[in-house]
Structures are given as C-alpha cells and as structure tokens.
> 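Please find one structure pasted underneath; my questions will follow.
Predicted, not measured: the structure shown is a model, and the values here were computed from it. Note that these values count all heavy atoms, side chains included, but never hydrogens, waters or copies made by symmetry. Both counts, for ligands and for their atoms, begin at 1 and track the order of listing.
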Amino acid sequence: MEPTVEVVKSDVLVVGGGMAGCGAAYEAKYWGKNLRVVLVEKAATERSGAVAQGLSAINTYLGQRWGEKTPEDFVRYVRTDLMGIVREDLVYDVARHVDSSVHLFEEWGLPIWKTDEGKYVREGPWQIMINGESYKPIVAEAAKTAIGAENLYERVIVTHLLNDPNDPGRVAGAVGFSVRENKFYVFQAKSVIVTCGGATLLFRPRSVGEGLGRTWYAIFDTGSTFAMMAQVGAEMTQMENRFIPSRFKDGYGPVGAWFLLLKSTATNAYGENYMVTQADELKKYEPYGSAKPTPTPLRNHLMLTDILAGKGPIYMRTDEALARLSGGDKKKLRSLESEAWEDFLDMTISQAGLWAAQNIAPEEQPSEITLAEPYIMGSHSGCAGMWVSGPEDIAPPEYFWGYNRMTTVKGLFTAGDGVGAAPHKFSSGSFTEGRLAAKAAVQYCADHPGEIAVDQDKVNALQAEIFKPFETFEKNQGASTTPEINPKYLLPKAGLTRLQKIMDDYAAGSGTWYRTNEPMLTRGLELLGALKEDLNNAMAARNLHELLRCWELVHRTWTAESHVRHMLHRKETRWPGYYYRTDFPDVDDANWRKFVNSKFDPATGAWEMGTKPYLQLVP
Ligand code: SFD
Ligand code: AMP
C-alpha cells in the first residue's frame with residue numbers, strides 16, 4: 001500500500017534530537033521567535049541518543065566564574081590530546097560558551113554535585129560530577145517546550161537531504177519516514193541543522209551472540225550525520241580519525257570516574273602499571289609523548305603494548321583505589337562503593353548488571369578493562385566530521401565562509417558529533433555547539449527570506465527508493481524456505497554483519513588490533529563497493545522496523561567508505577593506539593600536521609581527496 005505523504009514547511013529544521021539537536025532547537029527559538037523551528041527525531045527525544053541512559057559526569061566545564069580554567073587552556077589540552085591537529089577556532093568557541101549551557105542544565109533541574117563552598121565537585125580538571133540518570137529528559141523537555149510539541153516529529157527517521165533545484169549548492173530540506181505508520185515525510189526548510197550523532201557498529205563489535213548490540217556509544221547513532229551531508233556534497237574532515245575507548249570489558253562501562261575521581265590505576269595481570277613500565281614507548285611520539293596528561297591515543301598505545309606482549313588481562317584496580325581512598329574507614333568505604341555502583345547505574349546500566357552477574361564486588365576485586373571497537377565521532381576523544389565555518393570573530397579566512405558551523409553546502413549546519421576537528425565537546429559542548437549552529441542558522445534565514453523550492457520529481461524518486469526494500473521482499477520471498485536466507489535479497493542484519501566483517505578485517509578493527517596498510521584498505525574499499533551495489537539492488541525489509549535498519553545500514557556503509565578513503569589518504573600513523581598504518585608507522589609532523597578533507601560530488605559520484613592547513617591560533 002502506498003504510504004501517505006505529509007509535507008512539513010519550516011524555517012529551521014533540526015534533524016536528530018540528541019544533545020546538539022536539543023541545544024539547536026532551544027537556541028533557534030530564542031533568536032527566531034517568529035520562525036517555525038521543527039525538530040525531527042527517529043526515536044523518542046526524551047530517551048534518545050548517547051545520553052539516553054543518562055551520564056554520571058559532564059566532561060566539559062571550565063569553571064570560568066571561579067577562575068578555574070580559560071578557553072586558551074582548553075584549546076591547549078584538546079590540541080595535545082588529539083596529537084596536534086584540531087580546529088582551534090571551533091574548540092575555543094565551544095570553550096568560551098560551554099559553562100553557560102551547564103548553568104542552564106542546573107536551572108532546569110539537573111543535580112550537580114557540590115562542594116561545601118558551593119562549587120561543582122570536579123571529577124578531573126575539565127569534568128564535573130552529576131546525578132545524571134535523568135539528564136536527557138531534562139534537556140529534551142527544554143527543547144520541546146521552546147519549539148512547542150506540535151513542531152516535534154518523533155519516530156520519524158530522516159534518510160536523505162534535499163537540494164534546492166534552483167541552486168544545487170544549497171539545502172532545501174529533508175525526507176524520511178515514520179517508523180510507526182505507513183507515512184512518508186517531506187520537510188522543507190530554509191536552513192537545516194543535522195545533528196544525528198556519530199557512528200557505531202561499523203566495525204565488528206566485541207559483543208557477539210546474545211550480547212550483540214551492547215556497545216559503548218549509542219547504537220541509535222548510525223552515521224546518518226556523515227552520510228546524508230556527504231551525499232549532498234558537503235566537505236568532510238578528519239574522517240580517518242576514530243575513537244577507541246578503553247572500557248570495562250563486555251559491559252563497556254566508562255573509565256573516567258575511576259581514573260580521575262577515584263584515582264585508580266590499571267595494571268596488567270602481573271600487577272605492572274603499563275603507564276610506568278611501558279613509558280619508554282612514549283619517546284617515539286614526541287612532543288606528544290611527554291605531554292601531561294598523556295594523550296588518549298597514547299594511553300591506549302601503552303595498554304595495547306602490554307596486551308600484545310601477552311600480559312593481559314588488564315585490570316582496573318578498583319579494590320586498591322577504594323581501600324586507599326577510604327583509609328580503613330568502613331563508613332567511607334560503603335559510601336565510595338555506592339558511588340562506584342551509581343557511576344554505572346547512571347550511564348551504563350549493563351556494566352552494573354554484569355558486575356552483579358559475575359559476582360564482582362568492586363571493593364574486593366579488580367575488573368577487566370580492554371580496548372573497544374572503533375567509533376567514528378566528533379564529540380568525544382575523536383574528531384571525525386564535517387568541515388564547517390568557524391565564528392567570524394576568531395576564525396581565520398581559511399576557516400570562515402559566512403555562518404558559524406555551516407558546512408560547505410549553503411544553509412546546511414551541523415554540531416556535536418557532526419563537526420570535525422573539534423573534539424572533547426562531550427554532552428555539554430555538543431549542546432553548546434547546537435546552540436551556536438542554531439544562532440547562525442536563524443541569521444541565515446533572516447538573510448535569505450525567499451521561499452525555498454523543492455524538486456517534486458526528485459522527491460518522488462526518493463520515496464520510491466526508500467520503500468523499495470518492501471517490494472524486494474514481496475517479490476522474492478518465495479525463493480527460499482526461510483526468510484532470513486534468500487539468494488535474491490539481503491536483510492539488514494545480514495548486511496550489517498557483512499559491513500562489520502569488511503571493516504574489522506581490512507580497516508584496522510579490533511580483530512587486527514587496529515593495524516592496516518594501503519593494500520588492506522584498497523581491498524576493503526573494493527568490498528565496500530560491492531556491498532553498496534548489493535544494498536542498492538537487493539536490500540529487503542519485512543516491516544517498518546527493518547526498513548529503518550536498512551537505511552541505518554546505508555548510512556553506516558557510507559560513513560565506513562569515507563573512513564577508509566581518508567585512512568588511505570593520510571600516509572602516517574597520527575594516532576597510535578587508535579590505528580596504525582603499518583606501511584607508515586610514525587607520526588610525521590613535517591608532512592601530515594594538516595587536515596585530510598574529502599568531498600563527494602553528487603553529480604559525478606566521484607570522491608575528491610585533499611588537505612587543508614592546520615593553523616595554530618592559541619600559543
Ligand atoms: O563517560 C536521528 N558522553 C559523555 N559526555 C559527557 O559530558 N560526560 C560523560 O560522562 C560522557 N560519557 C558517555 C558519553 C556517551 C555515552 C553513550 C556513554 C558515556 C555511555 C558523550 C556525549 O553523550 C556525546 O558527546 C553527545 O551526546 C553527542 O551529542 P550529539 O547530539 O552529537 O549526539 P546524540 O546525543 O547521540 O544525538 C543524536 C540523535 O540523533 C538521532 N538520530 N534522528 C532522525 N533521523 C536520523 N537518521 C537519525 N539518526 C540519529 C538519535 O536518535 C539521537 O537522538 S563517558 O564515556 O565519557
Ligand atoms: P571516559 O570515561 O574514558 O569516557 O572519560 C571521561 C573523561 O575523563 C574524558 O574527559 C576523558 O578524556 C577523561 N579521562 C579518562 N581517563 C583519563 C586518564 N587516564 N587521564 C586523563 N583523563 C582521562
């Protein structure tokens with residue numbers, strides 16, 4: 001049956017209601033009181049995205065009102081952590097505004113830990129502690145209240161962006177479908193902010209079988225941000241970068257609270273602290289090796305060196321940390337122990353479940369940690385994403401083209417995981433960057449008041465393409481006795497497994513301990529090409545849920561392709577511990593301290609690769 005079609009006209013369209021999307025919706029309505037701001041989210045905004053389960057810390061807070069840190073300090077920290085290459089204008093811009101977002105969260109009801117003097121309790125130099133189980137509902141409510149419930153479209157996945165037929169270099173809206181009803185949506189807008197998060201499960205995860213789907217980052221973040229914007233010709237940057245988090249094994253519980261707040265150490269199975277015993281490895285990577293704190297990739301590198309030397313498992317010494325901090329005081333120990341459980345219950349419930357299932361009492365025995373599969377994202381300790389304009393007051397001309405956080409497609413903005421070369425935003429910085437993008441998007445609407453056109457033939461073609469997997473299933477379902485296996489089609493789960501195997505085998509997944517080279521990447525690209533062809537011709541779906549999974553898979557595959565193309569282009573190992581080019585094993589500052597950028601040409605289907613200069617703005 002043909003889906004019904006709903007056309008939604010707006011001024012500012014926000015796609016993806018996570019941290020950045022909620023920040024964008026809130027701020028767009030603040031500056032554009034008379035504008036129609038529409039937010040589209042594929043799940044329920046109250047519990048969607050990376051913060052769905054809550055968080056126990058806000059990782060970016062400078063404490064400028066107490067004179068704790070300056071935006072310049074932050075730029076220096078972030079630059080070093082990502083081994084010397086970041087867009088300092090973008091990082092600085094987040095830093096100077098991020099505290100105000102945290103103050104809003106508190107005003108809206110988020111409980112933040114306080115010291116006796118009323119300051120926020122620090123987890124580490126940049127991080128503060130929260131009771132954050134309800135972080136996302138609090139933030140979502142603010143966004144929803146700002147734009148009005150009638151402008152929030154939930155359970156609608158956006159699959160493609162639309163160009164303006166009169167100016168193909170300008171965005172005109174987006175299309176998608178309801179995951180609850182047989183309905184196709186056409187969103188028309190003068191400016192579009194895409195904030196669909198990063199990309200998970202491109203690589204074979206460490207979780208298998210009954211644990212499949214357990215990842216560290218949000219499984220809802222499927223690369224839509226990168227794929228949809230690349231497809232309309234927006235330039236990308238640093239897509240070769242990824243984040244490999246060290247995490248509590250199998251439950252993916254974060255380690256920050258243990259290392260920073262509880263001052264724990266991690267050791268190998270023989271009790272050696274790899275940060276000490278493997279410290280010589282850091283000398284290969286000067287000047288980054290001697291930086292304090294040791295950059296995240298290099299911390300990984302030291303752990304990996306121990307694992308490859310056969311000294312695993314690696315353990316977080318929770319028992320020693322709690323004993324040391326409590327100093328023999330039983331009451332103190334009990335309170336620390338409950339903080340440890342709450343840390344996971346507030347943001348990675350599965351890790352608490354795993355502790356219970358494996359009879360682990362963190363005060364009595366250590367827990368295994370390991371390195372996870374790669375995640376492509378721009379908001380945590382990774383910097384993949386889109387190449388965007390910086391703010392007019394601090395961006396040099398090379399980094400500025402009119403509107404803050406606008407991509408190279410006119411009227412198309414992004415924030416959070418979507419912005420490349422600007423890492424360490426985390427939840428608070430992503431929300432802040434959404435606000436920054438929205439302010440500029442509102443200005444864009446004011447500067448371009450004319451009606452926006454949409455190419456109806458293109459829309460009709462997209463509608464047919466989006467729903468084709470239903471037809472493919474209907475037509476071919478008799479060709480085998482079980483629907484999961486069929487010579488004529490590919491269900492999304494089978495396609496996802498194939499993508500993950502390609503990426504794990506050839507693109508430096510955890511299966512090769514993050515190693516690859518040019519021939520491996522080239523072969524991976526060939527296999528990705530064949531996968532894309534099959535997805536085009538033979539993707540099948542039995543219901544709306546599978547149709548959603550089909551389009552998530554397409555977005556993941558495009559993101560994977562751009563990751564591989566970028567890795568091929570960067571002929572060095574910039575982030576040891578994230579991935580190694582075995583044919584170019586060193587950090588090569590002389591030739592590669594610059595950004596790798598790419599652009600897909602929608603007219604020809606060709607990818608253009610190149611570089612852009614890294615400019616130091618903060619001494
Ligand atoms: O411990 C579509 N993060 C942490 N940040 C912190 O500040 N403190 C922490 O403690 C953090 N840690 C942490 C974090 C994340 C996770 C998963 C864990 C632990 C377990 C990072 C932040 O959460 C992250 O930086 C931001 O949330 C990024 O914001 P944003 O907006 O870029 O992504 P999102 O919030 O995931 O939202 C994306 C939204 O888009 C929707 N979506 N909607 C429509 N159509 C499509 N095609 C769509 N595709 C996606 C999603 O549903 C989602 O709502 S710790 O590890 O350091
Ligand atoms: P994580 O729990 O690993 O996501 O980290 C939370 C925050 O703590 C992030 O800002 C990390 O960069 C930081 N962090 C985690 N581990 C360390 C460490 N060993 N040294 C310095 N910073 C860390």
> Give the residue, atom name and distance (to 0.1 Å) of the protein heavy atom nearest atom 33 (O) of ligand 1.
Gly197 CA, 3.4 Å
> Show the atoms of ligand 1 that are less than 4.0 angstrom away from any heavy atom in Met347.
1 (O), 10 (O), 19 (C), 20 (C)
> What verdict does the ring-ring contact (aromatic ring centres under 6.0 Å, His included) test give for Phe426 and Trp126, after you've listed the backbone C-alpha separation in whole Å, the side-chain angles of each residue and the deciding distance to 0.1 Å?
CA-CA 11 Å; Phe426 299 97; Trp126 306 102; over 10 Å; no
> Below 4.0 Å from ligand 1: does a non-hydrogen atom of Thr222 turn up there or not?
no
> Any chance you could lay out the ring-ring contact (aromatic ring centres under 6.0 Å, His included) test for Phe105 and Phe431, step after step, and finish with the verdict?
CA-CA 10 Å; Phe105 300 154; Phe431 184 90; 4.9 Å; yes
> Can you report which non-hydrogen protein atom sits closest to atom 48 (C) of ligand 1, along with the distance?
Cys196 SG, 3.4 Å
> Please check if the side chain of Thr200 supplies one atom and the backbone of Asp221 the other of a donor-acceptor pair under 3.5 Å.
yes
> Determine whether the side chain, the backbone, both or neither of Glu433 has a heavy atom under 4.0 Å from any heavy atom of ligand 1.
neither
> Compute the shortest N/O to N/O distance between Ala218 and ligand 1 and return yes if it is under 3.5 Å, no if not.
no
> Does Ser56 have a heavy atom less than 4.0 Å from any atom of ligand 1?
no
> When you measure from the side chain of Trp575 to the backbone N and O of Leu82, does any donor-acceptor pair fall under 3.5 Å?
yes
> For atom 22 (C) of ligand 1, find the nearest protein heavy atom and state the residue, atom name and distance (0.1 Å precision).
Ser427 N, 3.8 Å
> Consider only side-chain N and O atoms of Ser367 and Trp355, and report whether a donor and an acceptor are under 3.5 Å apart.
yes
> Can you pull out the closest protein heavy atom to atom 25 (O) of ligand 1? Residue, atom name and distance to 0.1 Å, please.
Ser379 OG, 2.6 Å
> Has Arg206 got its NZ or CZ under 6.0 Å from the middle of the six-membered ring of Trp216, at an angle within 45 degrees of the ring axis?
no
> Under 3.5 Å, side chain of Ser427 to main-chain N/O of Ile58, donor-acceptor pair present?
no
> If you compare all heavy atoms of Arg435 against all heavy atoms of Gly23, which two are closest, and at what distance to 0.1 Å?
CG-O, 3.4 Å
> Scan side-chain atoms only and decide if Gln53 and Thr348 contain a donor-acceptor pair under the 3.5 Å cut-off.
no
> Just let me know how Ser224 lines up against ligand 1, side chain, backbone, both or neither, with a heavy-atom cut-off below 4.0 Å.
side chain
> Do me a favour and list the nearest non-hydrogen protein atom to atom 35 (O) of ligand 1 with residue, atom name and distance?
Met19 N, 3.1 Å
> Give me the residue, atom name and distance of the protein heavy atom closest to atom 14 (C) of ligand 1.
Leu55 CD2, 3.6 Å
> So, does Arg247 sit close enough to ligand 1 that a heavy atom of it is under 4.0 Å from the ligand?
yes
> Could you tell me if any non-hydrogen atom of Ala57 lies under 4.0 Å from any atom of ligand 1?
yes
> Any donor-acceptor pair under 3.5 Å linking the side chain of Arg299 with the backbone of Thr294?
yes
> Which atoms of ligand 1 sit under 4.0 Å from any heavy atom of Asp417?
28 (C), 32 (O), 33 (O)
> Looking at Gln64, I want to see if its CD is surrounded by more than 12 non-hydrogen atoms of other residues, nucleotides or ligands under 6.0 Å.
yes
> What do we get for His380 next to ligand 1 when only non-hydrogen atoms under 4.0 Å count, side chain, backbone, both or neither?
side chain
> In sequence, state the C-alpha distance, the side-chain angles, and the governing distance for Tyr77 and His424, and then conclude on ring-ring contact (aromatic ring centres under 6.0 Å, His included).
CA-CA 9 Å; Tyr77 161 62; His424 284 273; 5.2 Å; yes
> Measure and list all N/O to N/O distances between ligand 2 and the protein that fall under 3.5 angstrom.
residue  : atom   : partner : partner atom : Å
ligand 2 : 2 (O)  : Val255  : N            : 3.3
ligand 2 : 2 (O)  : Gly256  : N            : 2.6
ligand 2 : 3 (O)  : Arg247  : NH1          : 3.0
ligand 2 : 4 (O)  : Arg247  : NH2          : 2.7
ligand 2 : 4 (O)  : His380  : NE2          : 3.1
ligand 2 : 8 (O)  : Gln127  : NE2          : 3.4
ligand 2 : 10 (O) : Gln127  : NE2          : 2.8
ligand 2 : 19 (N) : Arg299  : NE           : 3.3

> Does Lys439 have more than 12 heavy atoms from other residues, nucleotides or ligands lying within 6.0 Å of its NZ?
no
> Which atoms of ligand 1 sit under 4.0 Å from any heavy atom of Ile58?
7 (O)
> Just need the protein heavy atom nearest to atom 17 (C) of ligand 1, so name the residue and atom and give the distance.
Ala50 O, 3.2 Å
> Quick one: does ligand 1 sit under 4.0 Å from the side chain of Asp221, the backbone, both or neither, non-hydrogen atoms only?
side chain
> State the atoms of ligand 1, each with its element, that fall below the 4.0 Å cut-off from a heavy-atom position in Thr195.
38 (C), 39 (C), 40 (O)
> Step by step, work out the salt bridge (charged side-chain N to carboxylate O under 4.0 Å, His left out) result for Lys144 and Glu41.
CA-CA 12 Å; Lys144 191 167 160 176; Glu41 163 59 48; over 6 Å; no
> Look at atom 31 (O) of ligand 1 and say which protein heavy atom is nearest, naming residue and atom and giving the distance to 0.1 Å.
Ala20 N, 2.8 Å
> Applying a 4.0 Å heavy-atom criterion (strictly less than), which segment of Trp551 is in contact with ligand 1: side chain, backbone, both, or neither?
neither
> Do NZ/NE/NH1/NH2 and the carboxylate oxygens of Arg549 and Glu552 come within less than 4.0 Å?
yes
> Kindly confirm or rule out an N or O of Glu41 lying under 3.5 angstrom from an N or O of ligand 1.
yes
> Should you measure from each heavy atom of Ser48, which atoms of ligand 1 turn up under 4.0 Å away?
52 (O), 53 (C), 54 (O)
> Do Thr225 side-chain atoms and Cys196 backbone N/O form a donor-acceptor pair below 3.5 Å?
yes
> Scan for salt bridge (charged side-chain N to carboxylate O under 4.0 Å, His left out) pairs involving residues 128-139, sequence neighbours excluded, and state none if there are none.
Arg47-Glu133
